[in-house]
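Below, each value reflects all heavy atoms present in this structure, side chains not excepted, and no hydrogens, waters or symmetry copies.
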Amino acid sequence: MAKAARVYLKAEERAALEKIVEELRAGKRKVKRARALLLLDRSQGEKRGGPEVAAAVDLSVNAVSQLARRYVSGGLSGAMEERPRAGRPPKITGEVEARLIALACQKPESGSGQTTWTMRMLAGRLVELELVDSISHVAVMKRLKKIHSSPGKSRAGV
């Protein structure tokens with residue numbers, strides 16, 4: 001069984017973490033990690049275990065032990081920063097979503113023969129505008145559903 005990582009924070013690291021916890025602007029997960037590191041700190045004489053810290057900050061024991069190991073191996077920045085997530089990045093980014101909403105709220109071109117947008121038309125238009133390389137009508141439908149938009153209705157919901 002691996003030996004538990006022991007966290008000994010420097011004074012400036014401790015001050016930086018306390019600032020993150022006090023301001024609450026860094027995001028919920030970052031604040032939780034900062035609180036956990038402060039509770040794990042042994043430089044102040046406190047010796048809290050992983051289960052005790054996990055219960056106090058509402059994290060799993062495994063997450064707390066991983067956080068301690070990341071601090072020991074990579075320092076404060078290694079423990080606090082998010083790692084890139086696995087998987088393909090989404091095709092519909094914020095900019096593409098904004099353009100999609102704007103398109104869905106407009107009337108389709110008069111030459112199309114349609115009075116309202118279809119999902120296939122919206123997907124095709126996104127490709128025509130070169131906002132995405134390719135996209136399915138299902139992906140467009142899911143994004144519009146996520147933002148509670150119904151382009152076929154009289155009130156688009158946007």
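For Arg29, the salt bridge (Lys or Arg N to Asp or Glu O under 4.0 Å) test picks out Glu82, with sequence neighbours left out. With sequence neighbours left out, Gln106 forms a side-chain hydrogen bond (donor to acceptor under 3.5 Å, both in side chains) with no residue at all. Annotation: salt bridge (Lys or Arg N to Asp or Glu O under 4.0 Å) contacts of Asp133 (sequence neighbours excluded): none. In this structure Glu128 satisfies the side-chain hydrogen bond (donor to acceptor under 3.5 Å, both in side chains) test together with Arg125, sequence neighbours excluded. Checked against side-chain hydrogen bond (donor to acceptor under 3.5 Å, both in side chains), Lys30 has the following partners two or more places apart in sequence or in another chain: Glu81.
The two residues Gln114 and Pro108 make their nearest non-hydrogen contact at O-CG, 3.6 Å. Shortest non-hydrogen contact noted between Ala56 and Leu39 is CB-CD1, 3.7 Å. When every heavy atom of Arg70 is checked against every heavy atom of Arg33, the shortest pair comes out as NH2-CD, 4.4 Å. Between Lys107 and Trp117, the shortest heavy-atom contact is C-NE1, 3.9 Å. Contact detail for Leu67 and Ala36: the closest heavy-atom pair is CD2-CB, 3.6 Å.
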Please report, to 0.1 Å, the donor-acceptor pairs under 3.5 Å made by any side chain of residues 89-105, with sequence neighbours excluded.
unit_1	atom_1	unit_2	atom_2	d
Lys91	NZ	Ser134	O	2.6
Lys91	NZ	Ser134	OG	3.1
Glu97	OE1	Arg143	NH1	2.5

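Separating the OH atom in Tyr71 from the CG atom in Leu9 is a distance of 4.5 Å, to the nearest 0.5 Å. Here NZ of Lys142 is found 15.0 Å from CD1 of Ile147. Values are rounded to the nearest 0.5 Å. With rounding to the nearest 0.5 Å, the separation of CG in Leu37 from CD in Glu13 is 9.0 Å. With rounding to the nearest 0.5 Å, the separation of CG in Leu126 from NE2 in His137 is 13.5 Å. How far CZ of Arg35 is from CD of Glu18: 12.5 Å, rounded to the nearest 0.5 Å.
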side-chain contact (heavy atoms from CB on, under 4.5 Å) between Leu144 and Met119, intermediate numbers included: CA-CA 9 Å; Leu144 289 174; Met119 297 301 136; 3.9 Å; yes
Evaluation steps, side-chain contact (heavy atoms from CB on, under 4.5 Å), between Lys28 and Val31: CA-CA 5 Å; Lys28 190 175 183 178; Val31 170; 5.9 Å; no
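Around atom CD of Glu130, no more than 12 heavy atoms belonging to other residues, nucleotides or ligands sit under 6.0 Å away.
There is no path of hydrophobic side-chain contacts, each under 4.5 Å, that joins Val61 to Val57.
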